[in-house]
Amino acid sequence: MTTLTLAGAINAGLRRALENDPKVLLMGEDIGALGGVFRVTDGLHKDFGGERVVDTPLAEAGIVGTAIGLAMRGYRPVCEIQFDGFIFPAFDQITTQLAKMHYRSQGRINLPVVIRVPYGGGIGAIEHHSESPEALFAHTPGLRVVSPATPADGFAMIQQAIASPDPVLFFEPKGRYWDKGEVDLDAAAGAPEGLGVARIARAGTDLTIVAYGPTVATALKVAEAAAAEGTSIEVVDLRSLSPLDTATLAESVRRTGHCVVVHEAPVFFGAGAEIAARITEACFFHLEAPVLRVGGFHVPYPVSKLEHDYLPGLDRVLDAVDRALSY
Amino acid sequence: MTTLTLAGAINAGLRRALENDPKVLLMGEDIGALGGVFRVTDGLHKDFGGERVVDTPLAEAGIVGTAIGLAMRGYRPVCEIQFDGFIFPAFDQITTQLAKMHYRSQGRINLPVVIRVPYGGGIGAIEHHSESPEALFAHTPGLRVVSPATPADGFAMIQQAIASPDPVLFFEPKGRYWDKGEVDLDAAAGAPEGLGVARIARAGTDLTIVAYGPTVATALKVAEAAAAEGTSIEVVDLRSLSPLDTATLAESVRRTGHCVVVHEAPVFFGAGAEIAARITEACFFHLEAPVLRVGGFHVPYPVSKLEHDYLPGLDRVLDAVDRALSY
Amino acid sequence: MSQSTSPDDVDLIQLLTPTGQRVDRPDYSPRIAHLDATALRGMYRDMLLTRRFDTEATALQRQGELGLWAQSLGQEAAQVGSGRAASPQDMIFPAYREHGVAFVRGLELTKILRQFRGIDHGGWDPKDHNFHLYTLVIGSHTLHATGYAMGMQRDGVVGTGDPQRDAATMVYFGDGATSQGDTNEALVFAAVNNAPVVFFCQNNQWAISEPTSRQSRVPLYRRGQGFGIPSLRVDGNDVLACYAVTSEALERARSGGGPTFIEAFTYRMGAHTTSDDPTRYRSAAEEQYWRDRDPIDRLLALMKAEDAVDDAWLAELDEEATAFGEHIRTTVRSFERPSSDFMFRNVYAGPHAIVDDERAWFEAYQRTFVDVSATAGGH
Amino acid sequence: MSQSTSPDDVDLIQLLTPTGQRVDRPDYSPRIAHLDATALRGMYRDMLLTRRFDTEATALQRQGELGLWAQSLGQEAAQVGSGRAASPQDMIFPAYREHGVAFVRGLELTKILRQFRGIDHGGWDPKDHNFHLYTLVIGSHTLHATGYAMGMQRDGVVGTGDPQRDAATMVYFGDGATSQGDTNEALVFAAVNNAPVVFFCQNNQWAISEPTSRQSRVPLYRRGQGFGIPSLRVDGNDVLACYAVTSEALERARSGGGPTFIEAFTYRMGAHTTSDDPTRYRSAAEEQYWRDRDPIDRLLALMKAEDAVDDAWLAELDEEATAFGEHIRTTVRSFERPSSDFMFRNVYAGPHAIVDDERAWFEAYQRTFVDVSATAGGH
Ligand SMILES: Cc1ncc(C[n+]2csc(CCOP(=O)(O)OP(=O)(O)O)c2C)c(N)n1
Ligand SMILES: Cc1ncc(C[n+]2csc(CCOP(=O)(O)OP(=O)(O)O)c2C)c(N)n1
Ligand SMILES: [Mg+2]
Ligand SMILES: [Mg+2]
């Protein structure tokens with residue numbers, strides 16, 4: 001076991017993928033000599049060269065569009081979008097081309113393209129640098145949408161994503177890039193199907209908190225705080241929004257009878273809506289309270305001095321836990 | 001009262017807006033001499049000229065981006081996106097600029113831009129011409145997202161949308177363009193706030209069907225069929241997804257205790273998720289069954305010969321009604 | 001709008017005048033020197049059968065056998081000339097009306113009609129003839145072509161000096177497509193990577209109802225120059241000139257010389273699609289002007305002048321075209337609606353719980369109907 | 001990467017050599033003929049105070065008073081020269097490091113720091129000085145500028161012949177931004193509409209860590225030509241040349257002559273932002289090369305050679321700069337965190353049930369805390 005940051009673990013996973021498969025290549029803005037603005041590709045340009053770690057022109061549609069062409073030619077491009085707020089110029093290529101080519105071609109074309117997106121807030125950034133647009137991609141058939149919460153998952157999941165025959169939106173919780181954890185660098189990454197399987201991050205009996213990416217750590221803190229007051233909270237780390245591991249979720253909520261979903265994205269039309277609707281359908285007679293959602297408000301990501309009012313922090317999640325338990 | 005098609009009613013509303021406000025202008029591909037591929041702008045180029053009914057270059061980001069500039073200069077641009085599937089190149093301009101400029105400027109800049117999008121299926125079209133991407137916009141704070149279901153609403157709502165100080169995504173159910181209805185061409189359009197108010201399209205007591213745009217007519221047929229079997233269904237025509245008229249919805253579902261949401265977009269992460277989650281929270285102790293959702297599957301919009309298997313038709317909605325009532 | 005291929009358009013490359021006389025150009029004539037009578041007849045046949053296909057498809061649409069049809073009428077020279085310049089190992093990315101290119105590549109053309117009949121979003125395996133699927137989102141495939149070309153560079157099949165091995169891509173798009181951000185980004189990526197890609201812009205003077213003047217105020221071939229890409233304008237109704245400039249461009253690309261931008265100046269003689277009504281936006285006189293400059297007639301005039309063709313051959317071709325038409329009609333009519341589960345297939349290459357659940361639900365749901373046909377009908 | 005403003009770059013417009021000698025050009029020298037010693041000192045002051053502002057902001061960021069800072073260091077001549085060529089009625093669309101333009105427009109510069117302190121997404125009223133907010137999504141504002149210019153055309157304030165009335169827009173963007181689809185679409189829309197917009201590209205040779213060669217293989221000013229837009233390359237470290245070419249371009253735009261594309265060749269002397277570390281991707285020698293070509297020194301050399309400046313004036317300016325620095329520091333430190341409800345304001349101009357409900361909920365929620373500061377903390 002090695003102690004790594006999340007950024008370091010993803011870096012190690014990328015390195016492993018580059019080593020194992022000559023068809024893997026990284027593309028993006030400033031990922032070469034600079035190593036990416038978060039240094040997630042640090043050292044890779046030096047070791048694998050500019051043909052495999054490619055500094056592209058400043059054009060996100062171009063990055064994803066040429067990645068599609070490269071994938072058609074047999075490559076496995078891993079694109080970095082510099083920040084969440086800059087994925088939108090690529091939206092057309094992702095939605096109408098990347099997501100649909102396999103279907104359009106009746107399975108004759110595979111597009112194993114990974115799009116890495118540092119996302120989420122809490123880092124004191126200016127506009128466009130703290131957003132959580134994951135729900136916009138989960139609604140689009142043909143894409144897989146995942147987010148690791150721990151260094152161990154960062155290392156394994158990036159490799160699974162690259163190995164996946166399908167396009168994967170890989171959302172990296174940038175506010176957790178420097179959080180550390182144990183990673184087994186010798187472990188095999190596991191089959192790409194593992195990407196869709198949720199993880200019980202902490203077992204509990206009274207209430208289930210569903211989280212992914214940056215909010216898993218928050219949920220664990222909430223569980224810790226609640227435990228001190230005698231409440232036993234189970235934390236499910238979804239890992240994946242598309243597919244969604246309804247079975248694991250439903251099993252947990254049937255046991256606990258209470259559920260709170262937490263994400264940074266605005267609640268309105270966010271991932272929590274799908275999760276709540278689905279859990280309610282699957283566990284209708286087990287629920288003792290409605291599934292409550294805690295997340296961002298229906299406002300653009302605010303100025304950084306207010307972001308901690310906007311983000312679902314410990315207090316707001318605890319408040320929802322209380323409301324659910326006393327419903 | 002005049003009998004008009006939905007397309008004709010929107011045309012009349014656009015004409016009214018062009019007449020009443022010299023700052024209104026229409027922009028889009030082929031909206032001029034051709035009158036748009038659906039003829040919604042028929043005759044307007046002839047009567048208002050090429051400076052007010054503008055055939056733009058073939059570039060959706062350019063259309064929305066220049067419309068933003070025109071709006072900053074005091075104009076009220078109404079952009080036509082030729083088909084639902086072609087809105088994605090404009091996604092960045094809509095999401096990062098149009099939606100956020102008012103907020104960014106602390107209210108100093110208003111962007112009264114309307115984006116008209118013929119959407120939905122059932123017209124036997126090829127790929128990209130039958131999609132329902134509305135949920136992707138409702139998740140974005142700063143946008144209003146509406147859809148008229150009848151000619152009367154088409155006429156009134158397009159005028160309200162143009163009068164709105166906020167950007168409006170105006171989704172026109174193209175499969176209903178040729179459906180006829182009574183329109184009072186002398187009626188005032190009503191204040192823009194009316195845009196957010198849902199309409200009870202049919203009163204009922206046993207179950208609420210929530211629909212918008214193209215599925216309102218389906219819901220009414222379902223209600224008709226159910227009535228014949230003694231079930232009284234209330235149909236709520238949402239009109240607006242953002243804002244969402246939770247009050248009207250909750251009031252209805254508290255009375256009926258059952259709810260089915262119907263839309264053409266894929267169910268997964270679709271508008272039905274938000275509606276179900278919200279209604280469940282508001283009516284938890286009144287619901288006798290979970291809110292059921294009927295809509296498209298998590299597949300790209302299929303080939304047209306299969307679209308009627310994909311779309312939520314009479315039978316599939318009735319099936320959901322039965323399941324809800326016998327839960 | 002400019003209708004001209006007039007003498008003052010000094011930049012227009014022509015090897016055949018509208019009346020079928022050869023133009024001698026030291027730069028491009030050598031590139032067609034090897035095209036003997038057999039080759040010319042081959043080109044003529046390609047164009048004629050492409051047109052026959054187009055005519056049949058248009059008729060089938062009118063009969064309700066197709067949902068829609070996008071004609072190639074009038075663009076046969078641009079398509080056949082450029083398409084014939086490509087090698088089998090080159091990869092072609094068409095837009096959606098490159099039926100002539102498809103024919104030259106060897107695609108069984110009726111496969112194209114599957115998409116327009118609403119039973120397939122694609123219709124063929126791109127690998128079979130190195131001919132990609134039609135792309136309907138304007139301009140988006142220009143980036144795919146560029147990326148594919150970057151893949152060829154990485155595969156070491158560019159500039160090896162072995163003509164059987166060296167490869168390039170060629171992407172087709174219209175005058176309207178030049179306005180899209182994607183197309184311009186493709187020029188950026190192609191230029192900075194010196195990628196082996198030929199941008200073949202068929203300027204047919206219309207993007208649905210909009211004349212090219214709504215997209216650009218200068219000839220479109222100048223666009224490429226702004227990105228540092230060699231660019232030229234060719235008479236798109238001159239099959240020989242199209243062949244010559246494309247073979248030069250592809251050769252440059254294959255040998256490592258990078259991208260080229262070709263504007264083929266032609267005319268969309270038909271409607272945009274069968275849903276369109278051009279009388280609303282253009283004059284009969286304009287259409288007549290271009291009918292008089294039909295690219296197929298032009299080549300025939302040359303062949304007749306040079307005795308490259310006789311009546312017997314033309315009659316034979318006519319018979320072939322008739323049989324081809326018959327084949328198209330029968331084939332299309334035999335295309336069956338796929339079964340409902342086709343809708344759920346190939347959304348993902350691997351398993352996906354949501355799709356799998358929904359598919360299972362739908363199958364169970366369908367079984368609840370005694371008569372499965374009753375599930376049709378929709379809203 | 002090219003570091004040169006060398007003599008073989010024949011296209012580079014220069015009115016002042018790097019050592020401060022005047023270059024006489026019949027085309028552009030007349031445009032600066034009216035700039036007397038007072039005017040030159042004014043330009044020098046603009047540049048110097050812009051730099052002071054930039055230096056103070058950088059220091060404030062290091063002290064934790066700002067979250068981030070994007071320096072204009074080295075680009076003062078491009079910004080002040082072009083900005084001074086604009087009339088009050090012209091509308092300016094900056095990117096995010098046009099502090100020099102902001103200064104010339106009369107913006108109280110500390111307003112810019114609100115955004116970088118994380119208390120505002122904008123910071124001023126664009127109408128006050130016809131200077132739009134900074135835009136962070138690369139290239140997206142080029143379309144806004146173009147649309148705004150189309151609005152000016154419709155308002156009848158273009159080509160009236162009245163210089164107090166005629167107006168244009170000018171949009172600033174970087175070398176990196178030329179690769180974005182939006183920027184290229186803006187050129188399309190500007191060209192076909194003959195819109196009164198000046199595209200002012202500051203090629204500072206870097207887009208964060210990427211040299212301009214990753215964006216283009218030809219000089220960027222050629223991009224505009226491909227769209228049929230008059231285009232030129234100016235020495236961006238030569239304030240007089242920047243003034244001259246921009247005044248020509250704006251005059252053309254205002255008088256109905258349409259768009260111009262200007263590439264100002266300059267150098268980003270600082271880091272991309274305070275988060276950046278240029279030592280990872282460029283050499284100290286390169287940085288030194290450009291420090292030796294500092295645009296402020298260049299103008300000072302001219303002024304000294306022409307006796308346009310004396311030590312007393314320079315000392316006075318130095319004092320002014322010191323006071324300005326003090327003002328900046330005090331002002332920034334006094335900027336308060338907005339109250340939480342600021343987050344909910346101005347999402348929409350009209351009422352919106354979801355925002356209104358969430359705001360009400362949040363306010364009630366906050367009231368449940370005795371000590372409101374306890375709500376901070378986040379995840
Ligand atoms: C992104 C996008 N926007 C709009 C459309 C609708 N549309 C289909 S074809 C067409 C015109 C294309 O013109 P051009 O590029 O000149 O090609 P042509 O049809 O003339 O061959 C338009 C606007 C589309 N398919 N994709
Ligand atoms: C659409 C988008 N993609 C990426 C970024 C991240 N980013 C911010 S500045 C920058 C480089 C810009 O380079 P250039 O246009 O040359 O301007 P400069 O910073 O040199 O002034 C990048 C990649 C962004 N802001 N917007
Ligand atoms: Mg065309
Ligand atoms: Mg730069």
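So that the names make sense, note that chain A is the first sequence line, chain B the second, and so on, each numbered from 1. Note that the structure is a prediction, hence the values are computed from the model and not measured.
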Candidate pair C:Asp120 and B:Lys305, rule salt bridge (Lys or Arg N to Asp or Glu O under 4.0 Å), full reasoning: CA-CA 9 Å; C:Asp120 205 320; B:Lys305 291 281 193 229; over 6 Å; no
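- The closest donor-acceptor contact from the side chain of C:Glu210 to the backbone of B:Asp30 lies under 3.5 Å.
- Atom OG of C:Ser209 is separated from atom CG of B:Asp55 by 5.0 Å, given to the nearest 0.5 angstrom.
- To the nearest 0.5 angstrom, C:Asp277 atom CG is 7.5 Å from B:Leu34 atom CG.
- In plain terms, the two heavy atoms of B:Leu58 and C:Ser179 that are nearest each other are O-CB, 3.6 Å.
- Distance check, rounded to the nearest 0.5 Å: CH2 of C:Trp69 to CD1 of B:Ile126 gives 10.5 Å.
- When all heavy atoms of B:Arg323 and C:Trp361 are compared, the closest pair comes out as NH2-CZ2, 3.9 Å.
- Between chain B and the options C:Asn346, C:Val137, C:Asp357, the largest number of non-hydrogen pairs under 4.5 Å is found for C:Val137.
- Proximity to chain C at a heavy-atom threshold of 4.5 Å picks out nothing from residues 90-97 of chain B.
- Only the side chain of C:Ile138 has a heavy atom closer than 4.5 Å to any heavy atom of chain B.
- In this structure, B:Pro57 and C:Arg214 approach most closely via the heavy-atom pair CG-O, 3.3 Å.
- Between the side chains of C:Tyr348 and B:His298, at least one donor N or O lies within less than 3.5 Å of an accepting N or O.
- When the heavy atoms of residues 79-89 of chain B are compared with those of chain C, the residues falling under 4.5 Å are B:Gln82, B:Phe86, B:Pro89, listed by number.
- Within the 4.5 angstrom heavy-atom criterion, only side-chain atoms of C:His352, from C-beta onward, approach chain B.
- With salt bridges taken as basic N to acidic carboxylate O contacts below 4.0 Å, one links B:Asp309 and C:Arg337.
- Looking at C:Pro278, neither its backbone nor its side chain comes within 4.5 Å of chain B, counting heavy atoms on both sides.
- A pairwise comparison of heavy atoms in B:Pro300 and C:Val347 identifies CD-CG1, 3.9 Å as the closest pair.
- The closest donor-acceptor contact from the side chain of B:Tyr310 to the backbone of C:Met343 lies at 3.5 Å or more, if one exists at all.
- Heavy atoms of C:Ile119 lying under 4.5 Å from chain B belong to its backbone as well as its side chain.
- When atom types are taken as modelled, the side chain of C:Arg280 and the backbone of B:Gly35 share no donor-acceptor pair closer than 3.5 angstrom.
- Ranked by heavy-atom pairs under 4.5 Å with chain B, the first of C:Ser140, C:Pro338, C:Gly139 is C:Pro338.
- Interface remark: C:Ser339 contributes backbone atoms only to the contact with chain B (heavy atom separation under 4.5 Å).
- A donor-acceptor pair is defined here as one N or O able to donate and one able to accept, closer than 3.5 Å; no such pair exists between the side chain of B:Glu127 and the backbone of C:Leu136.
- Using a 4.5 Å cut-off on side-chain heavy atoms (C-beta onward), B:Phe297 and C:Val355 make no contact.
- For chain C, the option among B:His128, B:Glu307, B:Glu29, B:Arg316 with the highest count of heavy-atom pairs below 4.5 Å is B:Arg316.
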